[in-house]
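For reference, the structure discussed in these notes is given below.
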Amino acid sequence: MSENRKRILDLLAQGRVTADEAERLLAALESTDRQGSSATAAAEAKYLRVQIEADDKDGGETRAKVNIRVPLRLLKAGVRLASLLPPEARDQMNAALREKGVGLDIDRIKPENLDELIRNLNDVSIDVASRQGRRATIRVFCE
Amino acid sequence: MMPPLVLRLNMEKADGRRLRLWLPLFVLWLVALPFVLVSLPVVLLILALLGRKPFAVAAAYWRLFTALPGSSLAARGRGVWFHLELI
């Protein structure tokens, strides 16, 4: 039992806080612990991994599989490099992305945003199904 | 911070045939180094004349280059499997 949890229970035993207040304090403590462990995991993560499993063209049991590992340092370096792009190049890139239907603004991608993304990217799984009935699963996570 | 030194390629077919290749990239970097050293001042000068931050751009590219080790791509499908890795 952690020191803070013990202190809250002591306060409850002494009657200095009500049961409701103690419950709220414990919930807040757990939330802080979770955030702390998620931030630690994000700080320790070194790679972004993308795994794709899809039905092979012939269908059946054979599954095509792609496994990509990208160092997070590479992503951060790429984001830093993007911030050094001349404004006219960024405008052109944004326009090209918009043309393709991607509403992404290159100017808004910052290294701190990437850190936040990594912190929140615990394990994302996307199931994709095509009209022909083929299925694919995409998993994105940090490790 | 080191650039990728070796490119490792593994390939295997369904019939059991295998290919394992280690490409010593550090040899390539050693060959390229004199050219880089000669061309770098010129590139920096051009960047400065264009109004860019030459050292920041060079540092960003260097960071990108040295962050490459650890990258890997593995794919399997239709009787073939391959794995490409930068070390």
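The chains referred to below are lettered A, B, ... by the order of the sequence lines, with proteins before strands, and numbering in each begins at 1. As a basis for the values below, the full set of heavy atoms in this structure was taken, side chains included, without hydrogen atoms, waters or symmetry mates.
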Looking at B:Gly70, B:Ala60, B:Gly51, B:Ala75, which has the largest count of heavy-atom pairs under 4.5 Å with chain A? B:Gly70
Report yes if the side chains of B:Leu7 and B:Leu84 come closer than 4.5 Å at any heavy-atom pair, otherwise no. yes
Just by distance, do the side chain of A:Arg73 and the backbone of B:Thr66 share a donor-acceptor pair under 3.5 Å? yes
Against chain B, work out which of A:Ile68, A:Val70, A:Leu48, A:Leu74 has the most heavy-atom pairs shorter than 4.5 Å and name it. A:Leu74
Can any side-chain N or O of B:Trp29 pair as donor or acceptor with the backbone N or O of B:Pro4 at less than 3.5 Å? yes
Around atom CD of A:Glu23, are there more than 12 heavy atoms from other residues, nucleotides or ligands closer than 6.0 Å? no
Per-residue tally against chain B (heavy atom, under 4.5 Å) across A:Leu81, A:Leu84, A:Leu85 peaks at A:Leu81
Below 4.5 Å from any heavy atom of chain A, which atoms of B:Arg52 appear? Answer side chain, backbone, both or neither. side chain
Given B:Glu12, which of B:Arg76, B:Arg18, B:Arg17 fulfils the side chain to side chain donor-acceptor pair (under 3.5 Å) condition? B:Arg18
Check each atom of B:Phe65 against the heavy atoms of chain A and say whether the ones under 4.5 Å are side chain, backbone, both or neither. neither
